[in-house]
Amino acid sequence: MHPSHSELLKLKNLGLASVNILHSIGIRSCEDLRRVGPVDAFISIRNRGINASRVMLYALQGALLDVHWNDLDPDLKARLASEADRLLSAQNPE
């Protein structure tokens, strides 16, 4: 296991598959994830053709807050989803 895997694997909500996905978009540490932010990380994942659901978005936010994704405040989840949807729509105007 790569050393950076272990740092990310210590975060709540992130398993080996999630960490491998994060590595594929250049996120190798908690600081990288914090710098990029959960929404932009989620957009980058989707832009790589990985069919990530909103649970991935919530998991990334929860990892930064040390909270299980299902325990995030519903208003926070709604704001994250809205921002991600807005950015994805802006990339693919109809």
Shortest non-hydrogen contact between Pro38 and Leu57, atoms and distance: O-CD1, 3.6 Å

Leu14 vs Leu60 side-chain heavy atoms within contact, under 4.5 Å: yes

From CZ (Phe42) to CG (Leu88), nearest 0.5 Å: 6.5 Å

From Leu87 atom CG to Arg46 atom CZ, the distance as rounded to the nearest 0.5 Å: 12.0 Å

Chi angles and distances behind the salt bridge (charged side-chain N to carboxylate O under 4.0 Å, His left out) call for Asp85, Arg54: CA-CA 10 Å; Asp85 290 346; Arg54 286 186 177 170; 2.5 Å; yes

Shortest non-hydrogen contact between Trp69 and Asn13, atoms and distance: N-OD1, 3.1 Å

Distance in Å, Asp32 CG paired with His23 NE2, rounded so as to fall on 0.5 Å steps: 8.5 Å

Student check: side-chain heavy atoms of Ser24 and Ile45 closer than 4.5 Å: no

Backbone N/O of Ala78 and side chain of Ser82: donor-acceptor pair under 3.5 Å: no

Any Lys12 side-chain heavy atom under 4.5 Å of Leu65 side chain: no

Any Leu16 side-chain heavy atom under 4.5 Å of Asn20 side chain: yes

Expected output: side-chain Gln61 to main-chain Leu80 donor-acceptor under 3.5 Å: no

Non-hydrogen atoms of Cys30 and Leu8 that approach each other most closely: N-CD2, 3.7 Å

Non-hydrogen atoms of Val67 and Asp71 that approach each other most closely: CG1-CB, 3.8 Å

Smallest separation among heavy atoms of Val36 and Ala41, with atom names: CG1-N, 3.6 Å

Spacing of CE belonging to Met56 relative to CG belonging to Leu22, to within rounding of 0.5 Å: 6.0 Å

Atom pair CD1 (Ile27) and OG (Ser18), whose distance is rounded to the nearest 0.5 Å: 11.5 Å

